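Step one of this worksheet: look at the structure below.
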Amino acid sequence: MDDPRRYVVIGGGLAGLASAVWLAEAGKRVVLLERRGRLGGRTHSLEVAPLRDVPDNGQHVIASGYQHLFRYLNSVGTRQYVAFPQRGALRWPGGRVVTMGTKGFPAVRALFGAHPDASKADRLRAATATLRLGWQCLRQPGDLADLTTDQWLRRVGMPETAREALWDWLALGIAAEPVRQESAKVFADVMATGIRLGVRHLRPVTIGYPTTDLDTLFVSGAKRVFDRQGVEVKYRAVARRIRIEDGAVTGVVLADGEVEPADAVVCAVPNSYIGGLLDELPEHDEIYSAADKLGYTPIVSTNLYLDRPLGTRAAMEALIGGAGVIDEVFDRQRMHGRGTLNGWLYCLTTSGAYEQIHKPHHEVVDEQMALLRRYYPAAAEAKVLHAQVVPMPRATFSQVVGTDGLRPGQRTSVPTLVLAGDWTRTDWSATMESAAQSAAKAVDLLLALPAAHRTTDRSVTR
Ligand SMILES: Cc1cc2nc3c(=O)[nH]c(=O)nc-3n(C[C@H](O)[C@H](O)[C@H](O)COP(=O)(O)OP(=O)(O)OC[C@H]3O[C@@H](n4cnc5c(N)ncnc54)[C@H](O)[C@@H]3O)c2cc1C
């Protein structure tokens with residue numbers, strides 16, 4: 001290593017993992033601090049002890065436009081574990097199903113009205129409104145930041161059928177907020193990114209999924225890189241404050257009073273954990289206030305092991321037309337090619353789960369089973385062999401109206417201190433791509449620092 005400096009990364013989620021991997025790839029000496037006893041942050045596997053099975057803390061889907069995430073997967077050698085299916089399914093109560101193409105012409109056709117009850121006039125209106133929407137994503141009206149996605153969809157004249165079949169759940173998936181509170185600007189920005197990527201690569205952005213558990217996808221490969229490159233990982237190392245002297249980082253104070261010497265720091269913790277860490281940074285008030293205003297949105301994931309198959313048509317199915325709730329069902333047999341010795345595993349995700357998050361787990365399971373029975377005839381007699389409910393009250397930062405422009409950049413007034421994490425400013429909403437892109441930007445800033453002339457070898461105690 002030519003560079004004697006110590007690069008300390010705080011946080012072992014995707015943003016921190018990617019920062020550590022890319023700094024190590026660049027030949028830097030890296031220490032990764034993680035407050036928990038495991039890596040992966042909000043993307044990790046959870047063992048279901050009696051079954052010795054490892055579903056995830058929540059189903060994660062991956063857009064083909066996630067450039068930085070794919071760079072990360074290539075770095076850690078797990079790119080082969082992402083698949084892009086040819087179709088998804090929309091399902092209405094009673095079991096009515098429409099399969100939607102996810103690539104090429106079938107995908108474009110779905111954009112213009114996938115609802116089985118859409119009339120010709122509806123489809124024409126949907127096509128016109130979709131073009132208007134696309135245009136306004138790229139040339140955004142000045143008042144977009146003041147609108148909810150619901151208001152914007154009304155304004156462009158999107159018919160109800162097209163909203164129900166596509167736009168409302170797509171918007172919910174993009175920003176994890178119901179359309180009546182989600183910021184239209186957030187939705188438009190992500191759509192604009194998708195359109196630009198689609199034009200640049202001459203193919204529309206489509207949705208895929210991991211074909212393995214999240215630990216194998218994100219963590220195991222990173223650990224191999226760390227072993228190879230000599231990255232030191234410190235578990236249960238809770239960072240409390242980043243020390244700054246004379247405009248440069250000198251160390252990270254830990255909860256146990258130890259100080260981890262540092263010449264540069266990537267602070268890759270979520271907005272909910274930033275408080276206190278940046279106290280010595282001149283602009284800390286501004287960043288804390290933004291972190292606070294960005295707030296959180298809840299997601300509840302339910303992993304259901306059933307005694308029989310549900311008869312899905314696709315690996316990913318959106319349940320539409322229920323009591324205002326839009327859930328997604330992921331068929332792990334189709335996605336992972338898994339056996340059914342432990343039963344048939346279905347992962348249900350409820351985004352914007354403001355009500356569900358407060359319910360006891362058995363109630364969530366009962367509700368989800370009732371939902372499945374309404375949508376899947378095969379679920380009528382199905383029995384739950386095992387269930388796991390994963391409530392994530394702070395699943396992502398919130399992207400409601402009024403949050404636009406709050407996200408801080410990766411650069412700070414101290415050149416050796418950079419921020420990363422999905423909540424920092426990127427082209428995407430609260431996603432894995434945002435975490436990976438923020439890491440790429442943060443690492444680029446540190447790699448652009450002038451060459452080092454001194455070695456830090458301090459072990460300071462507060
Ligand atoms: C249920 C669910 C479903 C989702 N679905 C999708 C999806 O389909 N597609 C998609 O793209 N995204 C999805 N996301 C969002 C995605 O998971 C996150 O955007 C991404 O994982 C955030 O990564 P991060 O590194 O920024 O933060 P995190 O993963 O939260 O990592 C931060 C890490 O910092 C650690 N930490 C915090 N404070 C300290 C401290 N003081 N000292 C040391 N360590 C600290 C934490 O323990 C954590 O490990 C989903 C999220 C959830 C919860």
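Remember, it's 1-based here, ligands and their atoms both numbered in the order they're listed. For the numbers below, each heavy atom of this structure counts, side chains included, while hydrogens, waters and symmetry mates do not. Please read all numbers here as calculations on a predicted model, not as lab measurements. Count residues from 1 along the sequence.
Taking the centre of each ring, H115 and W92 come in below the 6.0 Å mark.
The side-chain tip of R91 does not point at the ring of Y375 from less than 6.0 angstrom away and within 45° of straight on.
Two residues are said to be in side-chain contact when any heavy atoms from C-beta on lie closer than 4.5 Å; M392 and S301 fail this criterion. Side-chain atoms of Y305 and V384, non-hydrogen and from C-beta on, never get closer than 4.5 Å to each other.
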What does the contact table look like for ligand 1 (nitrogen or oxygen on each side, cut-off under 3.5 Å)?
{"unit_1": "ligand 1", "atom_1": "8 (O)", "unit_2": "V61", "atom_2": "N", "d": "2.7"}
{"unit_1": "ligand 1", "atom_1": "9 (N)", "unit_2": "V61", "atom_2": "O", "d": "2.9"}
{"unit_1": "ligand 1", "atom_1": "11 (O)", "unit_2": "Y66", "atom_2": "OH", "d": "2.8"}
{"unit_1": "ligand 1", "atom_1": "11 (O)", "unit_2": "M432", "atom_2": "N", "d": "2.9"}
{"unit_1": "ligand 1", "atom_1": "12 (N)", "unit_2": "M432", "atom_2": "N", "d": "3.4"}
{"unit_1": "ligand 1", "atom_1": "14 (N)", "unit_2": "H60", "atom_2": "NE2", "d": "3.4"}
{"unit_1": "ligand 1", "atom_1": "17 (O)", "unit_2": "H60", "atom_2": "NE2", "d": "2.8"}
{"unit_1": "ligand 1", "atom_1": "19 (O)", "unit_2": "D422", "atom_2": "OD2", "d": "2.7"}
{"unit_1": "ligand 1", "atom_1": "19 (O)", "unit_2": "T431", "atom_2": "O", "d": "3.3"}
{"unit_1": "ligand 1", "atom_1": "25 (O)", "unit_2": "L14", "atom_2": "N", "d": "3.1"}
{"unit_1": "ligand 1", "atom_1": "25 (O)", "unit_2": "A15", "atom_2": "N", "d": "2.9"}
{"unit_1": "ligand 1", "atom_1": "26 (O)", "unit_2": "D422", "atom_2": "N", "d": "2.9"}
{"unit_1": "ligand 1", "atom_1": "27 (O)", "unit_2": "R42", "atom_2": "NH2", "d": "3.0"}
{"unit_1": "ligand 1", "atom_1": "29 (O)", "unit_2": "R42", "atom_2": "N", "d": "2.8"}
{"unit_1": "ligand 1", "atom_1": "30 (O)", "unit_2": "R42", "atom_2": "NE", "d": "2.7"}
{"unit_1": "ligand 1", "atom_1": "30 (O)", "unit_2": "R42", "atom_2": "NH2", "d": "3.2"}
{"unit_1": "ligand 1", "atom_1": "41 (N)", "unit_2": "A239", "atom_2": "O", "d": "2.9"}
{"unit_1": "ligand 1", "atom_1": "42 (N)", "unit_2": "A239", "atom_2": "N", "d": "3.0"}
{"unit_1": "ligand 1", "atom_1": "44 (N)", "unit_2": "R35", "atom_2": "N", "d": "3.1"}
{"unit_1": "ligand 1", "atom_1": "47 (O)", "unit_2": "E34", "atom_2": "OE2", "d": "2.6"}
{"unit_1": "ligand 1", "atom_1": "49 (O)", "unit_2": "E34", "atom_2": "OE1", "d": "2.7"}
{"unit_1": "ligand 1", "atom_1": "49 (O)", "unit_2": "E34", "atom_2": "OE2", "d": "3.3"}

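The minimum heavy-atom distance between M335 and A315, with the atom names listed, is CG-CB, 3.6 Å.
With hydrogens and angles left out, the side-chain atoms of Q410 and T424 include a donor and acceptor closer than 3.5 Å.
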